[in-house]
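Convention: sequence-line order gives letters A, B, ...; per-chain numbering from 1.
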Amino acid sequence: MENEQFEQRRAKLDELRDLGLNPFANDFKPAHLAKDLISKYGELSQEDTEGLADDFSLAGRVMAIRDFGKSLFFHIADRSGRIQGYIKKDVVGEDEHKAFKKFVDLGDFVGIKGKLFKTRTGELTLNVTEYKFLTKSLHPLPEKWHGLKDVEVRYRQRYLDLVSNPEIKEIFLTRSKIIKLIRGFLDERDFVEVETPILHPIAGGAAARPFETHHNALDLDLVLRIAPELYLKRLVVGGIERVYEIGRTFRNEGVSTQHNPEFTMMELYQAYATYEDLMDMTEELICHISHEIKNTLKFEYGDVEIDMTRPWKRMDISESLREELGEKILSDDKELFKKADSLGIDHKGIRGKAITEIFESLFEEKLINPTFVYGFPLDISPLARKNEENPEITDRFELYIFGREIANAFSELNDPVDQKERFENQIELKNKGEMEVHEMDQDYVTALEHGMPPTAGEGIGIDRLVMLFTNSPSIREVIFFPHLRP
RNA sequence: GAGCCGUUAGCUCAGUAGGUAGAGCAACUGCCUUUUAAGCAGUGGGCCGCAGGUUCGAAUCCUGCACGGCUCACCA
């Protein structure tokens, strides 16, 4: 498999060992970071740098080398950024100079010590007095100018992507920051972060096909969770009145720019709150993130501007359909299903499904700025509280941004008798041919029978949120190792 | 799962009247003590994704397969 360059590096590694030098030494402690030195001393003049100490030390991966015979320049990258180093024969000595030229390749890790100075071109540079081989890289780095482009290699060998494409690293740092902001926001509001099981006996909390697995010792079929919902609400029953979980969720469905079989969801539950309270809190949370990440509420996603200025638009499904299609669409089932058929919707005679999907096909992609859609039909919302005025709909909303569903929330159904009936109705839908329905979870009903205080809950798709704030066109750009065929 | 597109050196890419491969970077050998996509001279490096087929001859045309991308369907 190995090529010429690999063999050359392999030979250098052996030669280093023969010389008594450890090519994988781990006894160098860098005291400084590239970025810190540049922000601290980058503006000094050449003269000012002369007064600085001579014991700066850094470690990192060699990203560029420019050899001038008796001296050479190189850049190393550490976790903070890049800084230039300078090796001069007169300074490090003839043998060390020669060894650096001979043994240090692009991609290797080195530790360097020395004195800072400004080059003629004004770049802060470490004039190396001592250096140390830290790790030999046996493969060459991707091309320095174009970086790594091959998407397959980028995903399969993400480390190469991170090394050679700094903007990719930024995306993931932003992802981490967003999750930290969410935690901070909720912690401040007295929410408790918890972990609930990923292995479930019943795929509950959503309507989706699960991954199936098996517990050998118990000889028990299990599924990977499709939502943490029912467990989090059991915790509300137990008195954890404000609770959230950020975690991986698994759905056995197609892969696309918007879907990965495992994705990250944040779910929260707040006792004594309604779905309307959660609309307000969602606005606050996402605007908070926008301020922190983007410094503004208006930013570009692709070539479209998104304006997050509050208050966000709220759209009633029935009202919107009535305005667009006339009164009969809701009063006359024949009219409704005819329209659904004409849009190619596979409604299976389920009213709620027809209504929701007609709405989505007509409006979804137009919902660029954040929009709360509410008024979801009862039969497709089996865990949501019935609306007090209109028993056909639930107190539920979905948040759309850039035509994508970002969040789903509702006032929770806490009436155990109603909940049981709803589960039973799901079985009817299944009989109509709907494959993805909520499964009966008697244990959850029992929990409700012990009393869950009035509660509102919400799930937010973290990956999609990160896509939005990092201007990423595909979910694969915000997941380190997206699902690919092995 | 369907349609369209892609797969050539370590990387980024060229390469069709079908005549067994090129550039830049990287590498190797030299020269060069303030460069930054350093420069100059020279050298090496390729089952052209895999397997068949057509042909005197295939990176190039045809078929199948693998992997990837985009669009569509379902969803968050």
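- Residues A/Lys432 and A/Glu428 are not paired through a salt bridge, judged by the lack of any N-O separation under 4.0 Å between the basic side chain and the carboxylate.
- Shown here, B/C65 forms a base pair with B/G49; the pair counts as Watson-Crick or G-U wobble because both key distances fall under 3.5 Å.
- For the P atoms, the distance linking B/C25 with B/C61 amounts to 30 Å, nearest Å.
- Residue-to-nucleotide contacts include no donor-acceptor pair under 3.5 Å from the side chain of A/Asp67 to the base of B/U35.
- Ring geometry for A/Tyr41 against A/Phe56 counts as perpendicular: the plane angle is over 60°, on a 0 to 90° scale with 30° as the lower cut.
- Under 3.5 Å, the side chain of A/Gln5 and the base of B/A26 form at least one donor-acceptor pair of N or O atoms.
- Pairing for B/G39 is with B/C31, a Watson-Crick or G-U wobble pair whose two hydrogen-bonding atom distances lie under 3.5 Å.
- At a cut-off of 3.5 angstrom, the base of B/U35 holds at least one donor-acceptor pair with the side chain of A/Gln84.
- B/C31 and B/G68 have their P atoms separated by 48 Å, given to the nearest Å.
- Paired with A/Phe372 under the rule ring pair (Phe, Tyr, Trp, His ring centres under 6.0 Å), one option of A/Tyr275, A/Trp312, A/Tyr400 passes, and it is A/Trp312.
- For the P atoms, the distance from B/G45 to B/C56 is 33 Å, rounded to whole Å.
- One cannot find a donor-acceptor pair under 3.5 Å joining the base of B/C11 and the side-chain atoms of A/His146.
- Phosphate contact (OP1/OP2 of B/G69, side-chain N/O of A/Arg476, threshold under 4.0 Å): present.
- In this pair, A/Phe299 and A/Phe469 present their aromatic rings tilted. The plane angle is within the 30 to 60° band.
- Aromatic rings of A/Tyr159 and A/Phe480 (six-membered ring for Trp) have centroids beyond the 6.0 Å cut-off, not under it.
- At the phosphate of B/C28, OP1 or OP2 sits under 4.0 Å from a side-chain N or O atom of A/Lys12.
- Look at B/A2: its Watson-Crick or wobble partner, with both distances under 3.5 angstrom, is B/U71.
- Side-chain proximity of A/Phe68 to B/U34, B/A26, B/U35: nearest is B/U35.
- Using N1 to N3 plus N6-O4 or O6-N4 for Watson-Crick, or N1-O2 and O6-N3 for G-U wobble, each under 3.5 Å, B/G24 pairs with B/C11.
- Using a 4.0 Å heavy-atom criterion, one finds that A/Asp150 contacts the sugar-phosphate atoms exclusively.
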